[in-house]
> 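If you scroll down you'll find the structure; I have some questions about it.
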Number of protein chains: 2
Amino acid sequence: MPRTVDHAQRRAMIAEGLVRLAAREGLHSVTMRAVAAEAGVSLRLVQYYFETKAALLHATLLHLEEASHARWRERLAALPGPVPARRFVEALLAEALPTDERSRAFHLVWTSYAVLAMTEPDLAAQPFVAGPRRLERQLAATLREAAGELPEGADPAAEAARLLALAHGLGTSVLVGQRTGDSAEAVLRYHVDRLFTRAEPA
Amino acid sequence: MPRTVDHAQRRAMIAEGLVRLAAREGLHSVTMRAVAAEAGVSLRLVQYYFETKAALLHATLLHLEEASHARWRERLAALPGPVPARRFVEALLAEALPTDERSRAFHLVWTSYAVLAMTEPDLAAQPFVAGPRRLERQLAATLREAAGELPEGADPAAEAARLLALAHGLGTSVLVGQRTGDSAEAVLRYHVDRLFTRAEPA
DNA sequence: TCCTTTGTGGTACCGATGTATCATAACTGG
DNA sequence: CCAGTTATGATACATCGGTACCACAAAGGA
């Protein structure tokens, strides 16, 4: 019988152990035994809660996805009622950059999974396609509604694609150590400034 | 004595085998034996030409880097004498997107290495930092010289960062299957159009 | 109360993988 | 022509990693 935690909690603890480990030592060094050690449980327990390694990886991916959604919901909820388009965009992009250590770990592991999915179609490549796609549609819709704040001739769909690709590219460059989080934020601010500027500045 | 090829050629052949394999089945399934099979040589030969696996990976990374530089030199040489800034930028970005199969393989393997380097600092993280940094400086310089063609208030350094991050982000989204190469090119063209537009279009 | 389900530990097994070893050809310089 | 370096083959070895198996405790319902 479980001492203090139930099934779902145990699974979450193990999944989080995997994420910590993968963020620290890379997804390639994620082994059943290593995950067990990181989570402070026995190998057998990892086997018990996740039948196979593939299942463990899959479940952890879902865990990551859910955590990301949760953070995004929180951030949206923190905004006051009717959200100006610019605030919405800024909130979105703030989540897209690996700023603190926690966010860095998330992005690192997420990227590792994405690279894995590029050659392993069986490993649900879904999240890495459907997720961004949905986000882009949502963002495009928001921009379309706020067309008045955009420069003339701006294409909401293209702008949405640009924003997300830019944020992702900047995020990666931070992960790899090419630039600091601050400098990435500066570039992003520069972009958003120009996006929401109707006419040339005097 | 080698039948028809010399030492350096053999090494190149094996490295290219590794790249093909990694592009097809992922870097995680790159093993000494698999590389040997892909290159059509015996395991012993891979061992002989590259003492250890780490050495093989490292050498292949250099191989990739060199190949990339070569392609870039070619593309620049194909341009007519005095290069307009816009042409330069377009040539640069054309190389940055995984369009054909060959380019896709290159980007895929390069990205795999980059992700690996995020947690394995001993594996020369250099290329993934120094390379883009140098490129960004070069691009910023080009844009600074062409300030006349840019909108007023445009910051060449920020624009350079934006271009490269955008290209990289788009490249990744193509790799992962989120968008097609054509759509990525369209977004990139959209961006370059707006970058080289001084005033609002009539 | 007993038997079934759930949770936990320990450990064995088999395949894969990096590396080391032994043998041997092929060519080269003296 | 003969050592010796270079190149190649086959195979052995040790380790690691995923999975399977066995034993057992602790409930929980019939």
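Just so it is clear, the model here is predicted, and its values are computed rather than measured. Below, chains carry the letters A, B, ... as their sequence lines are ordered, and counting in each starts from 1.
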> Rounded to whole Å, please give me the gap between CD1 in A/Ile14 and C1' in C/dG7.
12 Å
> I need the CG-P distance between B/Leu45 and D/dT6, as an integer number of Å.
16 Å
> Would you compute the distance between atom CG of A/Leu170 and atom CD of A/Gln178 and round it to the nearest 0.5 angstrom?
9.0 Å
> Phosphate oxygens OP1/OP2 of C/dA16: is one of them under 4.0 Å from a side-chain N or O of B/Thr31?
no
> Please check the phosphate of C/dT8 (OP1 and OP2 only) for any side-chain N or O of A/Tyr48 closer than 4.0 Å.
no
> Quantified as the angle between the terminal helix axes (five pairs each), what is the overall bend of the helix from C/dT1-D/dA30 to C/dG30-D/dC1 to 10 degrees?
10°
> Would you say C/dG18 has OP1 or OP2 under 4.0 Å from some side-chain N or O of B/Thr52?
no
> Tell me: CD of B/Glu51 to C1' of C/dT19, nearest whole Å?
11 Å
> On the nucleotide C/dA23, are OP1 or OP2 found under 4.0 Å from the side-chain N or O atoms that B/Arg44 carries?
no
> Expressed as a whole number of angstroms, how long is the span from B/Arg33:CZ to C/dG18:P?
7 Å
> In whole Å, what is the span from the CD atom of B/Gln47 to the C1' atom of D/dT11?
11 Å
> Is the closest side-chain heavy-atom distance between A/Thr119 and B/Glu25 below 4.5 Å?
no
> When the side chains of residues 141-148 of chain A are checked against the rest of the protein, which donor-acceptor pairs come out under 3.5 Å, sequence neighbours left out?
from, atom 1, to, atom 2, distance (Å)
A/Thr142, OG1, A/Gln138, O, 3.1

> Let me know the distance between CE of A/Met32 and P of D/dG17, rounded to the nearest Å.
12 Å
> Should the pair B/Arg71 and B/Phe106 be classed as cation-pi, given the thresholds of under 6.0 Å to the six-membered ring centre and 45° from the axis?
yes
> Look at the side-chain N and O atoms of B/Ser42 and state whether any lies under 4.0 Å from the OP1 or OP2 oxygen of D/dT8.
no
> Determine whether A/Trp110 and A/Pro127 make a side-chain contact, defined as any pair of heavy atoms from C-beta on separated by less than 4.5 Å.
yes
> Tell me the interatomic distance from B/Leu43, atom CG, to C/dA16, atom C1', rounded to whole angstroms.
12 Å
> Measure the spacing between CH2 of A/Trp72 and CG of A/Leu135 and express it to the nearest 0.5 Å.
7.0 Å
> Distance check: side-chain N/O of A/His7 vs OP1/OP2 of C/dG7, anything under 4.0 Å?
yes
> Would you say C/dT8 has OP1 or OP2 under 4.0 Å from some side-chain N or O of A/Tyr49?
yes
> So with a 6.0 Å cut-off around CZ of B/Arg87, is the heavy-atom count from everything else above 12?
no
> To the nearest Å, give me how far apart CG (B/Leu57) and P (C/dT19) are.
10 Å
